[in-house]
S.K.: 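Here it is, the structure, as structure tokens.
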Amino acid sequence: MSKLSQKEIRDNAVSFVHEWKDETSESAESQTFWNEFFDIFGVTRRKVAVFEKSVPKIKGTTGAIDLFWKGVLLVEHKSRGQSLDKASVQAFDYMQTVKDEERPRFVIVSDFANFTLYDLEKDKEHKFTIEELPDKTHLFGFISGWEKRVYKDQDPVNIKVAEKMGELHDELLGNGYTGHDLEVFLVRIVYCLFADNTHIFPKDSFLFFLEEQTDENGANVGAMLSLLFQVLNTPQDERQTNIGEELAQLPYVNGKLFEESIKIPHFNRKMRETLIEACRFDWGKVSPAIFGSLFQSVMDAEERRNLGAHYTSEQNILKLVQGLFLDELYTEFEKVKNNRKDLNEFHERIGEMRFFDPACGCGNFLVITYREMRLLELEVLKQKRKLEGREGQNVFFSVFSYMDVDAFYGIEVEEFPAQIASIALWITDHLMNNLYSTEFGQAFNRLPLKKSPQIVHGNALRLDWSEIVNAEGDELVILGNPPFVGKDKRSKEQTADMEFACSDVPKFKTLDYVCAWYIKAAKFIENTKIKVGFVSTNSITQGEQVGILWEWLLQKQAKIHFAHRTFKWNNEARGKAAVHCVIIGFGLLDIKRKRLFDYETPTSEPHEIICKNINPYLIDYDDLIIPTRREPISDIPNLIYGNKPVDGGNLFINSREELNEFLDKEPKAEKFIRRIYGSQEFINGKERYCIWLKDAIPSEWRNLTEVKNRVQAVRDFRSKSKKQATVKLADVPYLFAEIRQPENDFLIIPLVSSENRVYIPIGFFPKEICVNNLVSIVPDATLYLFGVLTSAMHMAWMRQVCGRLESRYRYSNNLVYNNYPFPKNPSNKQKERVEKTAQAILDARLKFPEASLADLYDPLAMPKELLDAHRANDKAVETCYSTRNFTTDLQRLEFLFKLYRQYTDPLAKLAEKEERKAKRLGKKDK
């Protein structure tokens with residue numbers, strides 16, 4: 001059954017008014033009245049709603065709802081002239097007794113001559129007379145199928161429907177219905193549920209079929225669904241004539257969605273009820289992009305506990321889509337929209353565009369892209385109508401839409417998400433066709449399905465992309481969200497994938513898994529103008545990964561066209577998992593206007609910056625790679641690792657209680673005990689001690705049994721090592737393997753620190769305190785050095801240049817410290833100010849003797865005195881660099897990168913000097 005056009009609905013309404021405008025009776029004719037009212041919209045009332053539904057009243061008596069449509073509509077009808085206010089009270093009394101899952105969104109009260117329509121979801125009320133009905137038919141889109149849908153990322157219906165499908169999945173699985181058949185069956189069910197609420201099927205016909213054509217005990221549900229699928233796969237003129245009206249009215253779907261023969265599942269009463277409950281959700285409100293990932297997660301019990309944790313919200317997808325190509329297309333549309341020839345060419349061009357997601361999952365990037373491209377095309381079509389002088393008319397163009405789902409390509413390693421991706425694109429196509437129909441007043445659909453999305457089930461890193469999508473031509477866009485898997489968490493199979501795809505990239509095994517998609521894409525787009533945009537963890541723009549991935553990409557002439565700097569990639573459902581991400585759009589050609597989006601904090605809204613160049617660190621500066629260095633580029637002391645024990649833990653005493661117990665047995669050993677610090681001890685205040693025998697006289701400890709036993713244990717541990725260097729160290733078991741204990745007071749920097757901290761905790765220690773190799777130290781450090789290292793300038797550099805351990809900062813000498821450009825020739829006054837503010841930081845810490853550094857540097861709990869001291873220090877350090885007022889980390893980094901280039905490349909300093917001179921003379925730098 002095809003949907004009526006708005007003109008047909010209005011004409012039907014005019015006829016209805018002519019017949020009923022003088023009616024005065026109540027119940028005898030009211031049922032005929034409402035049957036014909038539904039006919040206005042091309043809907044058979046008996047298939048969706050019932051008359052005289054018996055319900056209990058609030059006061060304990062029984063009443064009857066005049067017309068009831070589960071979950072959609074309640075009607076209370078009176079004779080002409082009776083009070084509609086009383087009818088409304090009666091209707092809403094009935095509403096209180098209706099089951100929650102059946103409670104309607106709309107209420108109508110009428111007396112033949114007057115109508116009041118309540119939309120309970122939008123909290124709106126519409127009053128009009130029967131004569132005004134032809135101009136009010138748009139209010140009844142929930143009957144006709146012309147209702148406009150608004151999709152919200154956080155609409156709870158998205159999660160609820162996924163949970164309900166999870167219940168059905170579990171019940172089928174528990175009954176032994178598994179594997180490919182289960183996945184195909186559920187995909188078909190999802191399509192039917194969407195179809196039932198978006199007018200692919202007549203409204204609620206799937207629900208009616210289940211309720212009326214299947215046994216309550218569920219015994220024949222599987223068989224009846226199998227029959228339904230067979231009908232949907234059969235052209236209407238080839239169907240058997242005796243299948244019944246309920247099945248005969250359903251459209252021929254095609255698209256191979258219902259073609260494959262699968263086992264028939266066996267249902268029981270509970271499974272049937274679960275499916276019917278799923279039908280009662282308004283699936284027309286469910287975003288196909290959102291639901292795809294949620295639905296995938298219900299297939300795994302572990303993932304379902306954090307349902308939607310890995311779903312990507314629409315707003316985040318749009319950051320990529322808009323920056324990569326959509327904003328540019330809208331800009332072009334604005335330029336050509338008033339020229340008919342140019343507008344037609346623009347329309348043809350967007351109709352030729354193709355989109356490829358080589359890690360498509362459930363297709364959410366492709367779905368949002370398709371929706372946005374169809375919305376752009378809708379604007380084009382509206383403008384064409386305006387230029388033809390037919391604005392406001394319901395008109396069909398000879399070529400209505402140039403866009404279809406076959407322009408969308410994807411690769412997905414798992415079969416089930418690949419199927420969901422295809423169905424999500426088909427559903428999106430139908431929803432957009434509905435939108436076109438609403439705009440132009442004519443029914444527009446694509447059933448039976450003639451074209452299909454090009455979604456391939458396979459491993460994107462092993463497949464030849466050119467066999468899936470043709471790279472020739474410039475109208476292909478590659479986009480997506482490849483897997484977030486760090487180098488330390490890759491499976492053996494994923495490492496093998498990288499070896500297959502990245503073997504020509506030096507040190508590729510150090511890279512995160514996502515980097516393989518950058519490498520594969522760069523090879524695929526050689527000698528083309530194709531644009532690529534990926535979402536990635538921010539680790540690929542930080543630390544050692546930059547030197548591996550981007551050095552190779554830059555050799556391929558890759559240029560970043562737009563980027564979003566680090567932001568929090570929030571996910572949709574409860575338990576929202578979030579990671580720190582970047583978005584990078586690039587190609588193998590340069591463009592003049594580059595766009596960089598910066599965030600004041602990872603959860604802030606982005607601020608757009610127009611750049612000359614975006615380098616691999618996502619900074620508006622020249623392309624460069626920060627290398628590892630053995631010596632600092634500035635005139636500062638060396639940063640070295642702490643002492644490395646290699647002792648099997650035998651030289652350590654791990655608590656105050658253990659120390660007391662040890663000294664009770666061996667009190668003379670106290671002189672050999674020292675407090676020792678690593679990252680955990682320094683940051684969290686954990687007490688730990690070590691037996692320190694460097695420079696000890698053997699005769700003082702060799703007869704101490706407890707000490708001697710521990711030293712012997714060290715010897716045994718080292719002797720069993722497979723490393724010859726460690727075995728050799730067994731000759732001196734009383735010493736740490738590597739000793740770098742300073743002879744004077746020193747500065748300590750933890751190797752690993754939480755990414756949530758604004759400042760890495762750094763501190764001064766006296767020479768009597770030992771440190772292990774989980775911290776770095778600067779012997780003979782000054783207050784000035786401490787002040788610079790703990791400043792916002794240095795922290796910005798550290799966050800961008802350091803490596804990561806999982807998501808935590810990993811501070812190193814060869815990348816962070818040695819490459820950091822310290823202020824050049826600060827005045828004594830400037831240095832004294834920094835020393836003063838640095839001491840204020842240490843003094844502020846002392847005001848909280850019971851708090852650990854983890855407590856003091858928790859961004860939610862940082863004491864105001866300490867925060868103020870740090871901010872004063874930030875200002876003092878920045879004045880050593882420049883008179884400029886730095887307000888963002890991006891500004892700090894741009895300045896530091898220029899300074900770094902001056903320190904490391906004398907020619908760069910000369911070039912920048914010439915550039916400043918040219919600007920002063922008003923000349924453009926050549």
Side-chain angles (χ1 to χ4, degrees), residues 151 153 158 161-162 165 183-184 186-191 193-195 198 255-257 283 286-300 303 308 310-321 324-326 353-375 403-433 446 449 451-460 463 465 468-469 476-484 517 533-535 571-573:
Y151 299 100
D153 274 359
N158 292 307
V161 295
M165 293 306 297
E183 294 177 351
V184 172
L186 287 174
V187 166
R188 291 175 179 179
I189 291 296
V190 168
Y191 182 85
L193 291 167
F194 269 105
T198 58
K256 298 185 178 180
L257 180 58
W283 284 75
V286 178
S287 165
I290 292 173
F291 182 75
S293 293
L294 291 178
F295 190 26
Q296 181 184 5
S297 67
V298 305
M299 300 300 104
D300 185 286
E303 288 191 39
H310 303 291
Y311 167 67
T312 306
S313 70
E314 291 193 22
Q315 290 94 333
N316 282 335
I317 295 172
L318 285 171
K319 288 178 181 179
L320 172 58
V321 171
L324 187 61
F325 64 89
L326 192 62
M353 292 182 71
R354 295 164 297 140
F355 302 88
F356 174 40
D357 184 346
C360 71
C362 291
N364 44 10
F365 276 74
L366 294 175
V367 165
I368 297 301
T369 298
Y370 185 48
R371 183 191 71 192
E372 293 301 312
M373 289 300 295
R374 289 290 300 271
L375 289 174
M403 304 199 68
D404 210 331
V405 294
D406 62 335
F408 288 76
Y409 301 77
I411 303 174
E412 170 52 36
V413 71
E414 297 181 30
E415 180 185 11
F416 184 58
Q419 294 180 1
I420 288 290
S422 292
I423 197 173
L425 281 163
W426 273 321
I427 291 169
T428 302
D429 178 67
H430 177 73
L431 295 175
M432 297 312 300
N433 293 340
R446 285 173 170 153
L449 300 173
K451 296 182 179 180
S452 300
Q454 311 297 309
I455 308 298
V456 175
H457 169 217
N459 186 327
L463 292 175
W465 292 3
I468 297 166
V469 58
L476 176 65
V477 177
I478 300 174
L479 74 170
N481 182 16
F484 295 168
W517 272 261
F534 289 139
V535 181
N571 296 314
E572 190 44 43

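Only heavy atoms go into these numbers, but all of them, side chains included; no hydrogens, no water, no symmetry mates.
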S.K.: Which atoms form the tightest heavy-atom contact between Ile478 and Leu324, and what is the distance?
M.R.: O-CD2, 3.7 Å
S.K.: Going by side chain to side chain contact (heavy atoms under 4.5 Å, CB included), name the residues that satisfy it together with Gln454, two or more places apart in sequence or in a different chain.
M.R.: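 Counting only residues at least two positions away or on another chain, Gln454 forms a side chain to side chain contact (heavy atoms under 4.5 Å, CB included) with Asp406, Tyr409.
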S.K.: Before giving the answer on side-chain contact (heavy atoms from CB on, under 4.5 Å), spell out for Arg371 and Leu375 the whole-Å C-alpha distance, their side-chain angles and the decisive distance to 0.1 Å.
M.R.: CA-CA 6 Å; Arg371 183 191 71 192; Leu375 289 174; 4.3 Å; yes
S.K.: Pick from Phe355, Phe408, Trp426: which one makes a ring pair (Phe, Tyr, Trp, His ring centres under 6.0 Å) with Tyr370?
M.R.: Phe408
S.K.: Partners of Arg374 by salt bridge (charged side-chain N to carboxylate O under 4.0 Å, His left out), sequence neighbours excluded?
M.R.: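 Per chain and number, Arg374 pairs via salt bridge (charged side-chain N to carboxylate O under 4.0 Å, His left out) with Glu377, Asp429.
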S.K.: Heavy atoms only: give me the nearest Asp404-Lys451 pair and the separation to one decimal.
M.R.: OD2-CD, 3.4 Å
S.K.: Could you give the distance from CD1 (Ile368) to OG1 (Thr428), rounded to the nearest 0.5 Å?
M.R.: 7.5 Å
S.K.: Rounded to the nearest 0.5 Å, what separation is found between the CZ atom of Phe365 and the CD1 atom of Ile317?
M.R.: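 Nearest 0.5 Å value for the CZ-CD1 distance: 5.0 Å.
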S.K.: Between Trp465 and Ala460, what is the shortest heavy-atom contact and its length?
M.R.: NE1-O, 2.8 Å
S.K.: Is any side-chain heavy atom of Arg354 closer than 4.5 Å to a side-chain heavy atom of Val477?
M.R.: no
S.K.: Evaluate the criterion side-chain contact (heavy atoms from CB on, under 4.5 Å) for residue pair Leu366 and Ile455; output intermediate values, then yes/no.
M.R.: CA-CA 10 Å; Leu366 294 175; Ile455 308 298; 3.8 Å; yes
S.K.: Can you measure from CD1 (Ile468) to CG (Leu463) and round to the nearest 0.5 angstrom?
M.R.: 5.0 Å
S.K.: Less than 4.5 Å apart, any side-chain heavy atom of Phe356 and any of Leu476?
M.R.: yes
S.K.: So, the side chain of Trp517 versus the backbone of Pro358: is there a donor-acceptor pair under 3.5 Å, distance only?
M.R.: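 Yes, because the side chain of Trp517 sits within donor-acceptor range (under 3.5 Å) of the backbone of Pro358.
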S.K.: Between Thr369 and Leu479, is a side-chain contact (heavy atoms from CB on, under 4.5 Å) present by the stated rule, with each step listed?
M.R.: CA-CA 10 Å; Thr369 298; Leu479 74 170; 3.4 Å; yes
S.K.: When rounded to the nearest 0.5 angstrom, what is the spacing between CG in Asn481 and CZ in Phe534?
M.R.: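 Output value for this atom pair is 10.0 Å.
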S.K.: Where is the tightest heavy-atom contact between Leu425 and Pro453, given as atom of each residue plus distance?
M.R.: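 Closest heavy-atom pair between Leu425 and Pro453: CD1-CB, 3.6 Å.
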S.K.: Which atoms form the tightest heavy-atom contact between Ala421 and Gly361, and what is the distance?
M.R.: CB-O, 3.9 Å
S.K.: Under 3.5 Å, side chain of Arg188 to main-chain N/O of Leu257, donor-acceptor pair present?
M.R.: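 Checking the backbone N and O of Leu257 against the side chain of Arg188, a donor-acceptor pair under 3.5 Å is found.
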S.K.: Could you check whether any side-chain heavy atom of Glu372 comes within less than 4.5 Å of a side-chain heavy atom of Phe325, counting everything from C-beta outward?
M.R.: no
S.K.: Please give me the minimum heavy-atom distance between Ala359 and Pro482, naming the atom from each residue.
M.R.: CB-CA, 3.8 Å
S.K.: Go through the steps for Leu326 and Met373 under the test side-chain contact (heavy atoms from CB on, under 4.5 Å), then give the verdict.
M.R.: CA-CA 8 Å; Leu326 192 62; Met373 289 300 295; 4.3 Å; yes
S.K.: To the closest 0.5 Å, what do you measure between CD1 (Ile420) and CG (Asn364)?
M.R.: 11.5 Å
S.K.: Below 4.5 Å, heavy atoms only, C-beta onward: do Phe484 and Val535 meet side chain to side chain?
M.R.: yes
S.K.: Using only atom types and a distance under 3.5 Å, with no angle test, would you say the side chain of Glu412 pairs donor to acceptor with the backbone of His457?
M.R.: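 No.
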